[in-house]
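One structure below.
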Amino acid sequence: MDATFATGKELQKMDPVFGQLSFDDHEQIVFCNDKDTGLKAIIGIHNSVMGPALGGTRMWNYNTEWEALNDVLRLSRGMTYKSAITGLNIGGGKAVIIGDAKTQKTPELMRKFGEFVHSLSGRYITAEDVGMETKDMDTVRDVTPYVTGISEERGGSGNPSPVTAYGVYLGMKAAAKSQFGSDVLDGKKVLVQGIGHVGETLVEYLTKEGAQVTITDINEEKLYQVASKYNAAIYTGEDLYTADVDIYAPCAMGATINDNTVDKIKAKVIAGAANNQLADENVHGPRLQERGILYAPDFLINAGGIINVYAELEHYGKAEIMAKTENIYNTTLEIIDYAVKNGMTTHKAALTIAQNRIDARKIENAKK
C-alpha cells in the first residue's frame with residue numbers, strides 16, 4: 001500500500017512515528033519508562049540548529065499514548081519556530097509525562113524524569129508547562145543542571161507564566177491595531193478560554209485596560225474565583241465559538257480552531273497563549289484568512305515564557321526579559337505586514353521568517 005494515500009489509521013500502523021505530519025523531521029524522540037515510579041514520558045527534540053533544544057514538560061492525562069506522542073511532536077516543533085522567530089539562540093524541544101498531575105505526580109517521579117533528561121547530556125533542557133509548578137523544576141534540578149524555570153531562591157527566573165501573559169497581551173494589542181485601527185482594548189469584548197496561570201494574568205491585564213472580559217474554563221471553582229476577582233463575566237452559552245466577541249483568546253489546550261469551529265467563530269481577532277491553536281495550519285489558517293479573521297501566530301505571541309527561562313542560560317536580568325518580551329508587539333506587526341505583502345497567512349509568514357533564520361544558521365554552522 002502506498003503511504004501517500006493511506007488513511008490516518010493505516011498510517012499509524014505502518015509508520016507510527018516517521019509517518020506523522022507532526023513528525024516534521026524531528027531529530028530525536030526519547031521514550032522514558034520507569035516501573036517503580038510509574039513514569040511514562042516522551043521527550044521530543046525537533047531541531048538543534050540554533051542550539052540545545054529548550055522547552056517545557058507537560059503532564060497530562062492523555063487518552064492514548066498515540067495522543068501523547070502527537071502532542072509532544074507538535075509542541076516541540078512549535079518550540080523550534082518560537083525561539084527562532086523571537087531571536088533566541090536555542091533549539092526546539094518538549095516533553096510530556098502521561099498521567100494526572102494532581103494525583104500521580106510525585107517527587108520520585110519528577111526526579112526519575114530528571115535522570116532521563118540528564119542522560120541526554122544537554123541536548124534537551126526542560127522547563128515548566130501545563131501540569132507543572134516551579135517546585136517541580138526545583139526537584140528536577142536536584143538530579144540535572146539541564147532545567148530552567150527553577151525558583152528564584154535557587155538562582156532561577158521563577159514562574160514564566162506572568163511573562164508569557166504579558167507577551168500575549170502585547171501581541172493581542174498589535175493584532176487589534178492592525179484589525180481595528182487602534183491597539184486600545186478599552187471596551188473591546190474579549191473571550192478568554194482557559195484561566196490557568198497564564199490565562200488569569202491575561203485577564204488581569206485586559207481588565208486593567210477596560211476590556212469587557214468573558215471567561216470560560218473546565219475548572220468551575222477557578223472560574224468563579226477569577227470572575228469574582230476581576231469582575232469578569234462567565235460564558236454561559238452552548239457554543240463559545242459563536243460568542244459575539246471582538247477577540248478570542250485560547251489559553252488552554254491546542255487545536256481549538258478545527259473543522260468543527262473554524263466557520264463558527266465570530267471574533268475578528270484570535271490571539272491567545274495556547275500552543276498549536278490551529279488543528280491543521282494548512283487548512284484552518286487559510287480559512288481564517290478567507291473569513292477576514294486575523295490570527296496572531298501562537299508561537300510568536302506566547303514566547304514570553306521561553307524568553308524568561310532563556311535568561312537563566314544567558315544570565316540576563318528582568319529588565320532585558322521585559323524588553324525582549326515587549327518586542328513581541330513590533331514583531332507581530334511586522335509578521336502581519338509580511339503576510340499581507342506576500343499574500344500568505346500570518347502563520348505561514350511567521351514560519352517562513354523563523355525558517356529563514358534557521359537556514360541561515362545552518363549555513364553558518366557548516367562553514368565552521
Side-chain angles (χ1 to χ4, degrees), residues 47 49-51 54-56 78-92 127 148-149 157-185 198 201-202 204-206 208-209 247 249 251 269-275 277 294-342 344-361:
N47 189 290
V49 170
M50 302 300 300
L54 173 62
M79 292 307 298
T80 294
Y81 297 117
K82 182 183 300 190
S83 294
I85 198 71
T86 312
L88 307 181
N89 294 319
I90 204 80
T148 56
S157 57
N159 183 1
S161 298
V163 187
T164 303
Y166 184 51
V168 172
Y169 169 66
L170 293 173
M172 183 185 292
K173 285 175 73 67
K177 183 176 183 178
S178 180
Q179 186 76 312
F180 305 125
S182 169
D183 67 5
V184 176
L185 300 178
V198 177
T201 308
L202 179 61
E204 182 180 1
Y205 278 118
L206 293 169
K208 283 179 179 176
E209 191 170 337
I247 301 170
C251 296
V269 168
I270 297 176
N275 288 304
Q277 293 166 26
L294 179 57
Y295 173 65
D298 48 42
F299 63 87
L300 165 61
I301 71 169
N302 70 10
I306 197 77
I307 290 169
N308 191 71
V309 297
Y310 182 66
E312 294 179 31
L313 304 179
E314 292 297 305
H315 308 292
Y316 55 78
K318 285 288 183 187
E320 190 166 348
I321 288 172
M322 299 316 286
K324 286 180 181 293
T325 304
E326 283 166 4
N327 196 47
I328 288 174
Y329 179 94
N330 296 324
T331 308
T332 303
L333 290 176
E334 288 167 12
I335 292 295
I336 294 169
D337 185 53
Y338 185 92
V340 171
K341 286 180 178 176
N342 291 277
M344 59 177 64
T345 67
T346 51
H347 186 88
K348 180 68 174 175
L351 277 181
T352 300
I353 291 174
Q355 188 63 54
N356 289 345
R357 183 165 183 256
I358 294 167
D359 291 344
R361 176 59 63 85

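All heavy atoms count here, side chains included; hydrogens, waters and symmetry mates do not. For reference, positions follow the sequence shown, starting with 1.
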Gap between atom CG of Asn342 and atom CG of Asp337 - 0.5 Å precision: 9.0 Å
Interatomic spacing from OG1 in Thr331 to CD in Glu326 - rounded to 0.5 Å: 12.0 Å
Crowded around Lys318 NZ? As in, over 12 foreign heavy atoms under 6.0 Å? yes
Check Pro162 against Asn159 and note the closest heavy-atom contact, atom names and distance. CD-O, 3.3 Å
Will you find, in the side chains of Gln355 and Asp359, an N or O donor that is under 3.5 Å from an N or O acceptor? yes
Rounded at 0.5 Å granularity, tell me how far CG in Asn275 sits from CE in Met79. 7.5 Å
Leu185 to Met172 - nearest heavy-atom pair and separation: CD1-SD, 4.1 Å
Grab the two heavy atoms, one from Ala274 and one from Asn302, that are nearest each other, plus how far apart they are. O-ND2, 3.7 Å
Steps toward side chain to side chain contact (heavy atoms under 4.5 Å, CB included) verdict (Leu351, Phe299): CA-CA 9 Å; Leu351 277 181; Phe299 63 87; 4.0 Å; yes
Is there a donor-acceptor pair under 3.5 Å between the side chain of Asn47 and the backbone N or O of Val49? yes
Show me the pairs that pass salt bridge (Lys or Arg N to Asp or Glu O under 4.0 Å) and involve residues 81-90, at least two apart or across chains. none
Gap separating the CD1 atom of Ile90 from the CG atom of Leu313, nearest 0.5 angstrom: 5.0 Å
Residue pair Ile358 / Met50, side-chain heavy-atom distance below 4.5 Å: yes
Within the side chain of Tyr310, is there an N or O that forms a donor-acceptor pair under 3.5 Å with the backbone of Asn89? yes
If you look at every heavy atom in Leu202 and Ala165, which pair is closest and at what distance? N-CB, 3.8 Å
Grab the two heavy atoms, one from Ile336 and one from Ser178, that are nearest each other, plus how far apart they are. CG2-OG, 3.3 Å
Working to the nearest 0.5 Å, report the span between NZ of Lys341 and CD of Glu334. 10.0 Å
Determine whether Val269 and Phe180 satisfy the following criterion, side chain to side chain contact (heavy atoms under 4.5 Å, CB included), listing intermediate values before the conclusion. CA-CA 9 Å; Val269 168; Phe180 305 125; 3.8 Å; yes
Run through Thr352, Ile353, Ile301 and flag the one making a side-chain contact (heavy atoms from CB on, under 4.5 Å) with Ile335. Ile353
How would you list all residue pairs meeting salt bridge (Lys or Arg N to Asp or Glu O under 4.0 Å) that involve residues 158-174, not counting sequence neighbours? Lys173-Glu209
Can you tell me how far CD1 of Ile85 sits from OG1 of Thr80, rounded to the nearest 0.5 angstrom? 12.5 Å
Quick check against the 3.5 Å criterion: does Thr346 have a side-chain atom that pairs as donor or acceptor with the backbone of Tyr295? yes
Trace of the side chain to side chain contact (heavy atoms under 4.5 Å, CB included) decision for Tyr169 with Thr325: CA-CA 10 Å; Tyr169 169 66; Thr325 304; over 6 Å; no
Ser157 versus Val309, closest heavy-atom pair with distance: OG-CA, 3.9 Å
Given 3.5 Å as the limit, does a donor-acceptor pair link the side chain of Gln277 with the main chain of Gly272, or not? yes
Minimum side-chain heavy-atom gap Ser83-Ile306 below 4.5 Å: yes
